[in-house]
Amino acid sequence: MAEIAQIIVDVPTMQTNQPYTYQVPEEWQHQIQRGMRVTVPFGNGSRKVQGFVVGLDEQSNYDGELKKIDSLMELTPVLNEELLDLSKWMANETFAFQITCMHTMLPNLLKAKTTKYLKLVDEVNETDFDELFHGLEEIEFIPESMPKETVSRLLKLKKEQKVEITYHVQNRAKPKTAVGISPLMSFEQFEEQRSTLTAQAKAQNKLLSYLQSIIGQTIKLSDARTNSKISNATFTIGEQKGWLKKLPIEVYRTPIELQKNSNREKELTLNTEQADAVSSITDAIDQKQNKTFLLEGVTGSGKTEVYLQSIQNALNHNQTAIMLVPEISLTPQIVSRVEKRFGKDVAVMHSGLSNGEKYDEWRRIERGEAHVVVGARSAIFAPLKNIGLIILDEEHETSYKQDETPRYHAREVAKWRAKYHNAPLVLGSATPSLESRARAQKNVYQQLMLTHRINKRPMPSVSVVDMREELKHHTESNFSTQLLEEVQTRISRGEQTILMLNRRGYSSFIMCRDCGFVLQCPNCDISLTLHMDTHTMKCHYCGHEEPIPDICPNCHSHQIRYYGTGTQKVETELQEKIPEARILRMDVDTTRRKGMHEKILRQFGHHDADILLGTQMIAKGLDYPNVTLVGVLNADTGLGLPDFRASEHTFQLLTQVSGRAGRADKPGQVIIQTYNPDHYAIQLAKHHNFEKFFEIEMQLRHRGNYPPYYYTTQITVSHPEEKMAAKTIFSIGKFLQDGLGQECVILGPTPRSIARVNRRYFYQIVIKYKHSNKLHELLTELMQRSQKLTKNKIQISIDPDPQYFI
DNA sequence: AGCACGCCGACT
DNA sequence: GTCGGCGTGCTC
């Protein structure tokens with residue numbers, strides 16, 4: 001009986017979002033497994049695409065002629081049964097194509113590249129042969145990078161059947177290799193060889209002894225050289241004499257940090273609360289209980305130690321563990337701490353790795369050589385088997401939600417995998433998301449509390465400065481008198497300061513004082529931002545860039561000035577006010593180059609600067625004992641945003657940045673500058689009172705029917721013409737309204753607050769609901785229909801549980 | 001996606 | 001007349 005395979009092809013469209021049936025060639029009968037990558041012919045001609053085997057059958061229910069699988073790309077599956085199931089669930093949950101989900105779960109190098117070749121099959125005239133084929137039988141065919149005329153001449157030859165297009169799917173997933181050596185003789189034979197050597201041939205004698213010690217093994221040549229202190233030349237002689245053979249061996253492109261893991265760190269002593277937390281988690285691991293814990297602990301309460309010891313307990317049960325950390329706080333500090341504890345058993349996955357390194361880390365996990373995975377969002381897809389524990393640190397972080405398709409939330413994927421493995425999930429945070437905290441309240445999650453800072457360190461004292469009052473006393477400035485004085489005190493005491501600029505919804509722009517003209521992006525409805533380092537005006541949405549004008553393009557006045565607050569402007573002002581201060585600036589501009597992020601942090605850690613000035617990215621995970629002052633320059637720019645999570649985000653940010661002050665033995669101080677000193681988010685952050693904040697915010701959410709009382713889904717439509725976008729969103733609105741009736745609340749349609757981005761107009765609808773069965777059905781239908789609309793240049797995106805509403 | 005097929009305008 | 005523009009439909 002011939003074998004049949006169900007294959008998801010690598011063509012991300014709605015129509016092809018289903019398995020296609022192929023014949024398994026004779027020679028691979030019963031060799032092919034689910035989850036393998038293959039190439040298959042797809043469509044007319046001999047076009048080839050990559051695909052994933054998702055099913056194997058004895059017979060097909062497709063009644064056309066079946067094509068055959070073309071080739072296998074690996075000998076083992078790249079997706080195991082669990083991840084195959086997960087991809088299906090995720091596609092359904094996020095309204096994405098299954099193939100897109102599969103690629104999201106795998107390292108980039110497993111995404112194949114297809115190439116086309118033109119092959120001569122008949123005589124062509126000499127001019128064509130020389131000019132088009134440069135005297136070759138076969139050339140690569142890249143129509144988009146060839147002159148139009150060349151392409152049409154080639155296509156004409158194809159029509160005349162003088163050339164043929166062949167397709168090739170390139171497998172980019174190539175392990176790196178190094179030269180290895182392997183002894184070719186037995187111990188006795190080597191002894192015989194030794195007797196043929198002259199007394200001076202010391203090096204060769206040494207080589208023989210070395211080879212005798214590694215019989216049956218293959219050793220990397222570079223390792224062999226360092227271990228044996230034998231030169232390369234001698235190994236070459238050994239090869240010539242037939243003592244050893246050189247052969248390529250696979251090596252891992254391992255990130256540097258991993259290689260030096262000699263001094264292992266011991267477990268720290270736990271306080272009572274930590275010990276209780278670890279034992280609750282460990283009990284769940286023991287009993288294979290799929291339970292979710294909310295580990296709520298103030299900054300500095302030792303959550304990481306709880307994670308590490310819980311992971312150790314999972315390892316003790318021969319199980320594996322995943323620990324997710326937000327990308328932004330995936331600092332060398334955290335990574336090295338985990339590596340010092342678990343050594344080579346750890347694989348690290350973050351955006352700083354090259355594609356090759358990511359692939360190799362992935363393979364180490366897949367082969368079971370690493371049992372602990374630490375990484376950012378996508379590490380939740382690590383191909384670990386037998387997972388005993390999953391941890392999400394800083395579980396409230398919005399970066400756990402991917403903001404492009406598939407719009408998955410790592411927390412939801414974590415829940416799914418934890419359930420699959422009957423394993424506990426630990427969500428940790430000082431300021432949990434309201435969703436998680438509410439579930440803990442209702443005992444859906446088990447709450448674990450860490451209320452003490454370790455070493456009995458006091459919480460930093462927080463003062464709120466009313467910037468409205470400041471304005472009455474001196475000219476406009478980003479710095480209050482109090483903040484400046486405190487900064488100066490730190491410098492004189494040899495202590496350090498972190499200053500944070502809350503950049504969300506804020507930046508510097510150019511305005512003409514005479515006519516009020518503001519320089520706008522030609523593609524987007526947003527003002528351009530001034531960048532002093534490159535001396536250009538940039539659009540933060542589409543990347544458009546132009547020179548800074550010195551006369552107003554509108555009224556030709558020279559009175560054109562910049563307004564607003566950017567980190568550069570703040571830095572300049574600070575340097576003027578405190579000339580002796582050594583300032584390090586950290587923002588998108590100074591950290592764009594790879595490794596700059598780490599470099600700046602290292603400099604600050606070495607006390608090469610007194611002040612670290614930056615945006616949100618400095619709020620998280622930094623731990624410098626010498627920092628005793630934290631200043632937030634503008635606490636409330638986020639509060640004014642039309643987003644129901646604005647207060648929550650502000651509270652979280654202030655709490656987090658406050659935690660940076662006063663570690664070790666020196667007490668910390670925090671200064672929050674604001675125009676809304678009485679706002680509850682600011683007042684409660686000042687008093688470190690999450691519980692009260694939770695209470696107030698829950699009331700507001702309840703009144704507004706917002707999460708966690710209701711679920712939300714956002715639908716966005718865009719089109720180059722505003723009318724088309726509006727028309728489409730209104731018809732979608734009507735479609736949903738008709739289908740849903742009273743069970744859901746539909747907000748909108750409204751234009752998005754930045755209505756035009758990249759020459760496209762954006763309109764949106766937000767749906768609030770308690771029960772989603774019908775909605776899910778309707779949205780799936782909408783997805784299917786949207787394929788037709790796409791051809792009209794309409795783009796539709798469905799975002800379940802969106803994190804931002806602006 | 002990427003390819004073929006088919007229908008319209010503007011050139012050798 | 002034909003070449004080539006793109007709108008439409010299909011891929012086991």
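These figures come from a predicted structure and were not determined experimentally.
The separation between D10(A) atom CG and dG2(B) atom P is 10 Å, rounded to whole Å. Atom CD in Q50(A) sits about 17 Å away from atom C1' in dT11(C), given to the nearest Å. Distance, F141(A) CZ to dG2(B) P: 12 Å, rounded to whole Å. Atom C1' of nucleotide dC10(C) and atom CZ of R47(A) are separated by 11 Å, given to the nearest angstrom. Following rounding to the nearest Å, K148(A) (NZ) and dG4(C) (P) show an atom-to-atom distance of 10 Å. Atom-to-atom, NZ of K67(A) to P of dC3(B) comes out at 13 Å; the value is rounded to the nearest Å. Here the C1' atom of nucleotide dG2(B) and the NZ atom of K158(A) are 12 Å apart, to the nearest Å. Between the CE atom of M14(A) and the C1' atom of dG2(B) there is a distance of 19 Å, rounded to whole Å.
Within 4.0 Å (heavy atoms only), K116(A) reaches sugar-phosphate atoms of the nucleic acid but no base atom. As judged by a 4.0 angstrom heavy-atom cut-off over every strand, K111(A) is placed among residues making no nucleic acid contact. Heavy atoms of Q23(A) sit nowhere under 4.0 angstrom from any nucleic acid atom. Within the 4.0 angstrom heavy-atom criterion, only backbone atoms of the sugar-phosphate kind lie near Y22(A); the bases stay farther away.
Of the candidates dC12(C), dT11(C), dA4(B), dA4(B) carries the atom nearest the N44(A) side chain, counting heavy atoms from C-beta on. Comparing dG5(C), dA1(B), dC12(C) by their closest approach to the side chain of P12(A) singles out dA1(B). Among dA4(B), dT11(C), dC12(C), the nucleotide with an atom closest to any side-chain atom of Y62(A) is dC12(C).
The shortest distance between side-chain heavy atoms of R367(A) and T76(A) does not fall below 4.5 Å.
Applying the 4.0 Å criterion to OP1 and OP2 of dG4(C), one finds that K156(A) has every side-chain N and O outside that range. Contact check, Y167(A) against dG2(B): no side-chain N or O comes under 4.0 Å of OP1 or OP2.
Using a 5.5 Å limit on the distance between ring centres and a 30° limit on the angle between planes, the aromatic ring of F42(A) counts as stacked on the six-membered base ring of dT11(C).
For the atom pair CG of L66(A) and CD1 of I4(A), the computed distance is 5.0 Å after rounding to the nearest 0.5 Å.
For T39(A) and D70(A), the side-chain atoms include at least one donor-acceptor pair closer than 3.5 Å. Between the side chains of Q170(A) and T114(A), no donor N or O sits under 3.5 Å from an acceptor N or O.
With L110(A) as the partner, the side-chain contact (heavy atoms from CB on, under 4.5 Å) test is satisfied by one option alone out of Q50(A), M105(A), E74(A): E74(A).
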